[in-house]
Structures are given as structure tokens and as C-alpha cells.
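In the text below, chain A, chain B and the rest are named by the order of the sequence lines, each starting its count at 1.
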Amino acid sequence: MFAPTLREVPADAEIISHKLMLRSGMIRKVASGIYTYLPLGWRALNKVSNIVREEMDESGAQELMFPIVQPAELWQKSGRWDVYGDELWRVKDRHGRDFCLGPTHEEVIASLVAGEVKSHKQLPLMLYQIQNKYRDERRPRFGLMRGREFVMKDCYSFDRDEQGLDVNYHIMYDAYTRIFNRCGLDFRPVEADNGAIGGTSSHEFMVLADSGEAEILHCNKCEYAANVEIANTGSVQQVSEESEQEIEKILTPDCRTIDDVAAFLKLDTTKTMKALCYTADDEVVIVFVRGDRRLNEIKVQNHLGATTFYMSTEEELQSAGLVQGYIGAVDQKVKMLLDTEVTTGKNLCCGANDHGYHLINVNYKRDFDGEIGNFRLVEAGEKCPHCDGTLESARGVEVGQVFKLGTKYSVSMGAYYLDEEGKSQPMEMGCYGIGVGRTLAAAIEQNNDENGIVWPLAIAPYQIIIVTVSEKSETQVAAGEKLYGELMAKGYEVILDDRHERAGVKFKDADLIGIPLRITIGDKSLAKGELEYKIRRDGEAGVISVDNAVSEIDALLAKIK
RNA sequence: CGGGACGUAGCGCAGUUUGGUAGCGCACCUGAUUUGGGAUCAGGAGGCCGCAGGUUCAAAUCCUGUCGUCCCGACCA
């Protein structure tokens with residue numbers, strides 16, 4: 001067996017799942033964000049894949065396999081060749097023709113279905129694959145959590161109408177719930193942004209873990225949970241009853257930040273407005289949020305419907321006539337977006353559009369106007385948008401996401417069908433992804449102790465490990481091989497640790513690689529006709545009889561489940 | 001991409017300040033003694049000190065460049 005375990009942790013691993021996968025000999029790094037799965041890792045990965053496969057098949061989806069290498073034409077047709085950015089891993093063939101390594105497969109599948117499906121009688125249709133994806137991440141991180149090459153299950157649904165899409169969306173939502181339950185994960189579906197993939201509705205499945213890259217807000221009373229990127233609040237902003245004061249221009253030297261300004265003017269930061277400038281599809285816009293709040297870029301981008309979106313450069317600010325650090329809302333010629341809170345507050349402070357000066361007692365409508373919206377990040381402690389509960393914050397690993405795509409790709413790729421009246425209609429698409437390797441890593445994040453991995457039985461690379469205390473004992477060796485054969489014949493996945501190592505080494509490795517049930521064969525108990533067992537998760541230990549070993553192991557495994 | 005750090009044996013590290021021809025622990029090989037939670041002793045093998053230039057009698061060490069890796073941020077369907 002090729003399972004090179006490590007006593008020490010490689011220096012470049014930061015989070016527990018990455019450390020344990022390296023130490024247990026599951027993975028090795030080949031390049032940043034690119035990993036080899038060794039036999040133990042590959043087995044565990046396939047356990048997850050097979051659970052996913054079973055639930056997809058059960059849901060009526062059919063498995064197929066798309067190529068990794070995709071021609072640029074497909075991506076040009078959908079428009080994403082130019083939009084996707086540097087993350088799209090572009091390659092050229094020997095003739096100089098453009099291709100990419102698939103980061104996702106909407107184009108390929110929509111193109112396939114466009115060519116093959118012509119009638120409403122062929123719908124609905126759900127197709128999926130489990131395959132490598134490529135995204136040239138700026139910063140790969142945390143082992144399998146964010147790689148540049150990773151295994152993903154992606155499923156796509158095609159329906160005649162929104163009602164059909166809705167049905168399949170819920171079928172997939174339920175399948176995902178079963179999948180992550182079967183993998184033994186503590187997870188939560190949350191409302192999510194649709195991002196650049198487009199579409200109308202989306203949920204992410206988040207495995208709760210401190211190492212998670214995503215922040216979610218969830219209600220302490222009801223089921224509401226959302227990615228902070230799109231989270232809303234029920235906290236109502238009453239228009240302040242304060243009477244409007246006369247506007248004043250004040251010299252504020254060396255006040256570069258909101259805190260500087262607030263301190264200098266002896267104002268609360270809630271009485272200030274901050275201006276953040278973005279370039280959206282080549283137009284500079286200013287977004288104002290209350291000084292103490294954080295801007296939510298995704299909400300702004302979605303509001304604008306912008307394809308390209310980034311914080312404006314200094315040159316762009318200058319050519320738009322904006323004075324960095326002193327941008328104000330009064331007499332502003334550049335397009336302004338106003339977060340609700342800057343329209344409900346009274347007598348606020350903002351920049352004076354003049355270097356070194358701020359305005360105080362600025363008021364919405366009287367002094368400035370603009371497009372109003374919800375542009376800030378909601379924070380923990382605010383009210384739930386659905387009930388009177390309070391939002392709490394948690395971190396999560398996004399292991400899956402379900403999207404309603406609508407007709408975006410069917411239209412661009414030409415996936416139309418003829419309805420009963422012979423009328424051409426674009427198909428309603430949904431797409432449903434699961435990061436298989438990430439799910440595995442997330443499972444380790446949630447299932448480990450100081451000795452190593454503690455696999456949930458369903459995704460353990462092996463269910464049982466048999467350890468002989470001494471390979472010099474012929475009776476132990478014989479008993480071990482006999483039990484191994486019997487368990488294998490029953491269909492169990494078993495390791496027989498017959499290395500000529502001391503018992504301590506074998507026990508440590510068994511714990512490290514996290515096998516749920518350990519059977520120890522030693523002379524003392526063997527003489528009494530007994531084998532010892534130990535359950536990895538809770539450490540429960542005891543003996544079973546040699547004669548009834550297999551049936552007693554059956555019972556133990558049933559209990560571990 | 002901005003900021004920070006690091007590349008010396010399979011892994012973890014020291015050595016770089018002050019240039020003198022590479023070391024420790026674990027792992028690996030041989031032997032002996034051991035053998036129920038990562039044994040002990042003895043003997044060994046293993047290094048283009050990331051790479052390329054430069055300075056110097058002499059470079060792991062100084063200089064320049066370059067590649068790679070990690071962390072924070074930004075970014076991310």
C-alpha cells in the first residue's frame with residue numbers, strides 16, 4: 001500500500017484539513033493549487049463522488065463527460081471569452097488557435113443540447129459530469145479548498161418554462177441536502193449572489209467551519225440565512241427627526257480617513273458619509289454609504305448591471321474631476337448612488353469637493369440627490385429581514401451552489417425548442433455544482449482530533465483497519481489474514497497493517513488516516529479467543545470473539561453509522 | 001495585482017549578520033537488542049544550499065536578475 005504518512009507537518013500547510021491530508025498521505029502538491037491524489041485520498045474522493053453520483057442518478061440526471069479543452073468560439077458566442085478575465089485558463093494549439101481549459105461547462109452543454117434537442121417532447125433534461133475544472137486563481141489557497149485544478153460535479157437542467165426549472169431546482173436542492181447529510185457534514189443552505197454566471201436565483205451550501213472563506217449571516221429565530229454578499233436586514237431606517245441645520249464648509253487639514261474627520265469635527269461616524277468610486281463599464285460612479293458602514297461591491301455591481309467593475313484608479317478620478325479624499329455629494333456632477341442610510345440621516349458630513357475641506361449639515365433632497373438603494377454590507381446584530389430575530393455571523397466553506405440561469409445561455413448558444421404550437425422557445429436552464437475535493441476537505445475540517453482525521457463512515461477510504469501487534473507472531477499473522485479475507489469477502493473495505501513496525505507506530509498511523517473501526521490482534525486476547533476493537537471517533541474499545549468476528553463487526557459498523 | 005515572508009537531504013529546521021568549501025532532528029539502509037501508543041545502540045547512504053549572472057584567491061553566505069512557494073489584502077460562478 002502506498003500511503004506515505006508524515007510525522008511532521010509540511011511548512012506550507014495552514015489549515016487543519018490541508019495539514020492532515022498531507023500528513024495522512026492523501027495528497028501531495030505538484031504546483032500551487034494543483035495536487036496529486038494518492039491512493040487514500042483518491043479512495044476518499046471517490047466515496048464522495050459516488051454519493052454524489054447516486055443522488056444525481058436518483059434525481060433523474062444522466063451522467064456524461066465533456067472535454068476539458070474547449071474552443072474559444074464557444075466562449076466568444078456566449079460573450080464570456082472577453083468577460084471572464086484572467087481566471088479563464090487560455091491555451092493555444094499548434095496552429096495558434098485559441099482554447100481554454102474549462103472553468104465550467106455552460107457553453108459546451110448548451111451548445112450540445114442546442115444541436116440535439118428540438119422538441120418540447122425531449123424536455124425536461126438533466127445532465128451532469130464529475131470532472132476536473134480549471135480556474136487560474138490569483139491566489140490558490142488552503143490545499144484542496146481553493147485550487148487551480150479541482151474536481152467538480154456540474155449538473156445542468158433544461159426545461160420548457162420557469163415552472164419546470166423551479167421543479168428541477170428544488171429536486172437538486174433536496175439532492176444536495178441528502179448528499180451533504182450523507183457525507184456527515186454540518187452545513188447550511190444560504191441565499192447567494194448569482195455573480196457573473198448570471199441568472200435569477202441561487203443558493204450556496206455552506207459547511208460551517210472557522211477556516212471557511214465565506215461569511216454568512218443567519219437568523220437566530222427563523223430559517224433565514226444568506227451569504228453576507230447579498231444579506232439583507234429588516235432594520236428599518238426611520239428618517240431622522242432632527243431639524244435641518246445650515247450647511248457649512250470647514251477646513252479639515254490632514255483628515256484622510258473617516259475616523260480622522262469624525263475626530264477632528266467631534267462627530268460620531270454615523271453622522272458622516274463616505275464616498276467610494278467605482279468604474280463600471282468605463283463610467284465612474286460614486287457610491288455613498290454612512291461613514292461607519294462597509295460598502296458591498298456586489299450589491300452595487302448588480303444594481304448597475306455592470307460587466308466590468310473595479311475601484312477607480314487615481315487617473316480615472318482625476319479625469320472625472322474628483323478630489324481624492326474630499327469627494328462630496330453636493331453639486332456633484334458624477335453619477336451618485338446613495339445607500340438608504342445616507343438619505344435617512346440628517347445633518348451629515350461629507351467632502352466639499354475641495355482639497356482640505358469638508359461640509360457639515362448636509363441633507364438629502366435639500367443638498368443632493370441620486371439613485372437610492374441598499375449598497376452596504378449588513379452586519380451581525382442587525383434585524384432579520386423576515387422576522388424579529390437577530391442576524392448572527394458564521395463562516396462557511398462553499399461546497400455546492402444551485403443556480404437558476406434562466407435563458408441567458410440558451411439564447412446566446414441557440415438552445416431553443418418547439419412548443420406544442422410549433423413556436424420556438426428558449427430553454428430555461430439551471431446549473432448545479434459541487435466541489436468534490438472541497439467537500440472532502442470540508443469534511444476533514446469538521447471531523448478531526450489531535451491524533452488525526454476522524455472519517456465519517458460513508459466517506460472513509462476504508463471502513464476497517466486490522467492491526468497485528470507483532471508480525472513475528474505466526475498466530476497473529478494467520479488470524480489477521482483470515483479475518484481480512486472474511487471481511488473482504490463480505491464486501492468491506494479493509495486494510496491489513498502487516499508492516500514490521502512496532503504496535504505504537506501502527507496505532508498512530510491508523511488514527512492519523514482516520515479509519516472508523518480498528519481491530520487489534522494481540523497474543524493476550526487471541527489466547528482467549530478474542531480480538532480487540534476500537535472505534536476511532538469516540539475511542540470506545542472492547543473485545544469481540546474470533547469465532548463471530550464478522551457478525552460482531554457488522555454490528556459495530558452499524559452502530560458507527 | 002499590492003503588502004510581507006521564505007526557498008539548504010523525502011519532511012521539519014540551523015548555518016547567511018562577520019565569505020574559508022554544509023550540519024542537526026525525523027524518515028531511509030545494515031546489524032544487534034527490543035516489541036501493546038511514533039524504541040535503543042552502532043554503522044551507513046543521501047545535498048548543482050531554487051536557477052542565472054556578477055564581485056572575490058574563495059560564495060549557501062555579498063550584489064543583480066529571475067523562477068518558485070506561503071501568508072494578509074484585493075479578486076473569485
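Across the strands present, B:U56 finds no partner; the criterion is a Watson-Crick or G-U wobble pair with both atom distances under 3.5 angstrom. In this structure, B:U21 makes no Watson-Crick or G-U wobble pair, since no nucleotide meets both defining distances under 3.5 angstrom. In this structure B:U61 sits in no base pair that meets the Watson-Crick or G-U test at under 3.5 Å. Shown here, B:C1 forms a base pair with B:G73; the pair counts as Watson-Crick or G-U wobble because both key distances fall under 3.5 Å. With a 3.5 Å ceiling on both atom-pair distances, B:U34 lacks any Watson-Crick or G-U wobble partner. Across all strands shown, B:C28 forms a Watson-Crick or G-U wobble pair, both distances under 3.5 Å, with B:G44.
Candidate nucleotides B:G12, B:G37, B:C70 were compared by shortest atom distance to the side chain of A:Lys29, and B:C70 ranks first. Of the candidates B:C75, B:C70, B:G37, B:C75 carries the atom nearest the A:Arg138 side chain, counting heavy atoms from C-beta on. Listed nucleotides: B:G36, B:G37, B:U69. Nearest to the side chain of A:Ala31: B:U69. Closest to the side chain of A:Arg502, out of B:C75, B:G12, B:A39, is B:A39. Comparing atom distances between the A:Arg518 side chain and each of B:G36, B:U35, B:G37 picks out B:G37 as nearest.
Between A:Arg139 and B:G2 there is no side-chain N or O to OP1 or OP2 distance below 4.0 Å. The phosphate of B:G38 (OP1 or OP2) has no side-chain N or O of A:Arg7 nearer than 4.0 angstrom. Residue A:Ser32 has no polar side-chain atom (N or O) positioned under 4.0 Å from OP1 or OP2 of B:G68.
With respect to A:Lys92 and A:Asp98, a salt bridge is recorded, a charged nitrogen being found less than 4.0 Å from a carboxylate O. The residues A:Arg146 and A:Glu213 are annotated as salt-bridged, a charged nitrogen and a carboxylate oxygen being separated by less than 4.0 angstrom. Salt bridge annotation for A:Asp193-A:Lys299: absent, with no cationic side-chain nitrogen under 4.0 angstrom from a carboxylate oxygen. One finds no salt bridge joining A:Lys133 and A:Glu149 here, because no Lys/Arg side-chain nitrogen approaches an Asp/Glu carboxylate oxygen to under 4.0 Å.
Checking A:Val505 against A:Asp12, the closest nucleotide of RNA chain B that is more toward the 5' end is the one next to A:Val505. Residue order along RNA chain B, read from the 5' end via each residue's closest nucleotide, puts A:His18 first among A:His18 and A:Glu398.
At whole-Å resolution of the value, CZ in A:Arg141 and P in B:C1 are 17 Å apart. What separates NE2 of A:His500 from P of B:G38 is a distance of 20 Å, to the nearest Å. Rounding to whole angstrom units, CZ of residue A:Arg23 and P of B:G12 are separated by 12 Å. To the nearest angstrom, P of B:U34 lies 19 Å from CD of A:Glu471. When the P atom of B:C75 is taken as reference, atom OH of A:Tyr84 falls 16 Å away, rounded to whole Å. In this structure, A:Arg536 places its CZ atom 16 Å from P of B:G37, rounding to the nearest Å. Following rounding to the nearest Å, A:Lys524 (NZ) and B:G36 (C1') show an atom-to-atom distance of 6 Å.
Listed by residue number, the members of residues 146-155 of chain A with any heavy atom below 4.0 angstrom from RNA chain B are A:Arg146, A:Met152.
Side-chain contact, A:Glu106 with A:Ser78: no donor N or O sits under 3.5 Å from an acceptor N or O. Under 3.5 Å, the side chains of A:Ser545 and A:Glu530 contain no donor-acceptor pair of N or O atoms.
For the pair A:Arg90 and A:Trp81, the cation-pi test (distance below 6.0 Å, angle within 45°) is passed.
Here the rule is salt bridge (charged side-chain N to carboxylate O under 4.0 Å, His left out) with A:Asp12, and of A:Lys29, A:Lys19, A:Arg141 only A:Lys29 fits it.
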